[in-house]
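Computation of the quantities below employed the complete heavy-atom set of this structure, encompassing side-chain atoms and omitting hydrogens, waters and symmetry-equivalent molecules.
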Amino acid sequence: MSTTPAPPATLLIQTAFIGDVILMTALLEYLHQTEPATPVDVLVRRGNEGLLAGHPHVRHVLIWDKKHRKYAALWDLLGQIRAAQYGRVVTLQRFASTGFLTAFSKAKERIGFAKNPLSQFFTRRVPHAIGDGTHEVTRNLRLLTDAVPTLLVPPRLYPSAADEAAVAPYAAAGPYICLAPTSVWFTKQYPEAKWLELLASLPQNVRVYLLGGPPDVAACERLAAASGRKNVTSIAGEIGLLASAALMRGALMNYVNDSAPMHLCSAVGAPVTAVFCSTVPAFGFGPLSPVSFIVETKEELACRPCGLHGHAACPLGHFRCAYGIEVGQLLATLPVVSS
């Protein structure tokens, strides 16, 4: 009995931040729909591999350790990539490092954005425009097809049974809200005083879980203590990203910044209210959940947006793009809760 050999594998390269890897998973869904027989591997930076643990559409996860022997490790990765004999290598980034891996991969198809410094060695070069409202998922899908689906393919993550079990006690305690108050970038972060105002205004019979990674523990614990509410609990640093996504899926609402937790919500279809301070939805990183809201200041500010990623402090010192967002705008997105 003859069997048809599997087509050459595809490698997707996304070694940026957590949110970027989550949005990349839309390509995994698209490839599974359109080329189910094609094996797909993914290359991420060390620390982000847990997002893809148990992912049903990923064969192997390659890891680039950027903090240890960064460029020697990059050279080693090129050897691995060549040895794997990929039929297609796709970099979702516009940087020379991942362009190098793609350009010299020896893959028949070498794909990336035209802005990549090594794109002259690609077999497919795709324009990249940011700020015109095109979503990042659409930008990425254009790397694979000229006919991007009208109905956008959402990103998707797959929490395991262990992830579900880890958050089951929190979910079983009654109606709850999740709040992810921090961001790597200060100007992407709704101010602590405003979060406290929100916590004071939320229904008293609803539990609130504060989420974040190990770097966010101190900020979340401080916020929980300052709220004065017994049913506000910080679980920052206690559960992983996939478990956090599982918990957020069952929340009445998730309040987040323009940051990775917003994309976690998109990847499991969790309800989300995303606060945009210094950045704007037109950059293309807005929420994709079926129930999603964007809140931003109603004031027209000539200084907004002040950058693509944000800053360590407001460049003008007033941070009006954040303080101008009224807590009532956030409360308006919360479903009616019975007492």
Can you tell me if Arg156 uses its side chain to pair, donor with acceptor, with the backbone of Glu29 under 3.5 Å?
-> no
side-chain hydrogen bond (donor to acceptor under 3.5 Å, both in side chains): pairs with one or both residues in residues 215-229, sequence neighbours excluded = Thr182-Asp216, Glu192-Arg222, Arg229-Asn231
Less than 3.5 Å apart, which donor and acceptor atoms pair up between the side chains of residues 10-17 and the rest of the protein, not counting sequence neighbours?
from  : atom 1 : to    : atom 2 : distance (Å)
Thr10 : OG1    : Arg88 : NE     : 2.9
Thr10 : OG1    : Arg88 : NH2    : 2.9
Gln14 : OE1    : Ala16 : N      : 3.0
Thr15 : OG1    : Lys66 : NZ     : 3.4
Thr15 : OG1    : Gln93 : OE1    : 3.0
Thr15 : OG1    : Gln93 : NE2    : 3.4

Which atom pairs, donor and acceptor, lie under 3.5 Å between side-chain atoms of residues 282-290 and protein residues at least two apart or in another chain?
from   : atom 1 : to     : atom 2 : distance (Å)
Ser289 : OG     : Cys265 : O      : 3.1
Ser289 : OG     : Ser266 : N      : 3.4
Ser289 : OG     : Ala270 : O      : 2.8

Are Cys277 and Thr187 close enough that some pair of their side-chain heavy atoms sits under 4.5 Å apart?
-> no
Say you draw a straight line from CG of Leu74 to CG of Asp65; how long is it, rounded to the nearest 0.5 Å?
-> 12.0 Å
Please list all pairs passing the ring pair (Phe, Tyr, Trp, His ring centres under 6.0 Å) test where one or both residues lie in residues 174-202, with sequence neighbours left out.
-> Tyr176-Tyr209, Trp185-His309, Phe186-Phe319, Tyr190-Trp195
Can you find a heavy atom in the side chain of Ile22 that is under 4.5 Å from one in the side chain of Leu51?
-> yes
Closest heavy-atom pair and its distance - Ile18, Ala260 = CG2-CB, 3.8 Å
Presence of salt bridge, Arg69 and Asp76, under 4.0 angstrom | yes
Quick one: does Arg82's side chain have a donor or acceptor within less than 3.5 Å of a partner on Phe104's backbone?
-> yes
State plainly whether one hydrophobic cluster holds both Ile235 and Leu241, where clusters connect Ile, Leu, Val, Met, Phe, Trp and Tyr through side-chain heavy atoms under 4.5 angstrom apart.
-> yes
Could you tell me whether Arg304 atom CZ has more than 12 heavy atoms of other residues or ligands within 6.0 Å of it?
-> yes
So do the side chains of Leu202 and Val206 get within less than 4.5 Å of each other, counting heavy atoms only?
-> no
Indicate if Val44 and Phe95 have the same hydrophobic cluster label, given that clusters are the connected sets of ILVMFWY residues with side-chain heavy-atom separations under 4.5 angstrom.
-> no
Could you state whether Met262 and Val208 fall into the same hydrophobic cluster, counting links through intermediate Ile, Leu, Val, Met, Phe, Trp or Tyr residues with side-chain heavy atoms under 4.5 angstrom apart?
-> no
Can you tell me if Arg59 uses its side chain to pair, donor with acceptor, with the backbone of Asp41 under 3.5 Å?
-> no
If we only count heavy atoms from C-beta on, is the Leu252 to Pro271 side-chain gap below 4.5 Å?
-> no
Sequence neighbours left out, what pairs pass side-chain hydrogen bond (donor to acceptor under 3.5 Å, both in side chains) with at least one residue falling in residues 95-116?
-> Thr91-Thr98
Would you check if the side chain of Lys194 reaches a backbone N or O of Glu326 as a donor-acceptor pair within less than 3.5 Å?
-> no
Where is the tightest heavy-atom contact between Pro261 and Val256, given as atom of each residue plus distance?
-> CB-CG1, 3.8 Å
Flag the pair His311 / Cys306 as yes when at least one side-chain heavy-atom distance between them is below 4.5 Å, and no otherwise.
-> yes
Distance col, row Gln80:CD vs Leu43:CG, nearest 0.5 angstrom, shows 9.0 Å
Short side-chain to backbone donor-acceptor contact, Glu49 and Gly47, under 3.5 Å | yes
Short side-chain to backbone donor-acceptor contact, His55 and His57, under 3.5 Å | yes
For the residue pair Val126 and His128, establish whether any side-chain heavy-atom pair is separated by less than 4.5 Å.
-> no
What pairs meet the ring pair (Phe, Tyr, Trp, His ring centres under 6.0 Å) rule with one or both residues in residues 246-271, with sequence neighbours excluded?
-> none
Cluster link Val40 to Leu157, ILVMFWY, side chain under 4.5 Å | yes
Stepwise side-chain contact (heavy atoms from CB on, under 4.5 Å) check, Phe293 with Met253 | CA-CA 10 Å; Phe293 304 90; Met253 182 53 65; 3.8 Å; yes
For side-chain contact (heavy atoms from CB on, under 4.5 Å), just list the numbers for Gln329 and Val327, CA-CA rounded to whole Å, side-chain angles, deciding distance to a tenth of an Å, and then say yes or no.
-> CA-CA 5 Å; Gln329 294 173 251; Val327 166; over 6 Å; no
Hey, are the side chains of Leu27 and Leu92 touching, using non-hydrogen atoms and a 4.5 Å cut-off?
-> yes
Indicate yes or no for a side-chain donor-acceptor contact from Ser244 to the backbone of Gly240 under 3.5 Å, with no hydrogens or angles considered.
-> yes
Quick one: does Pro203's side chain get under 4.5 Å of Leu334's, heavy atoms only?
-> yes
Are a donor atom and an acceptor atom from the side chains of Ser183 and Asn257 found within less than 3.5 Å of each other?
-> no
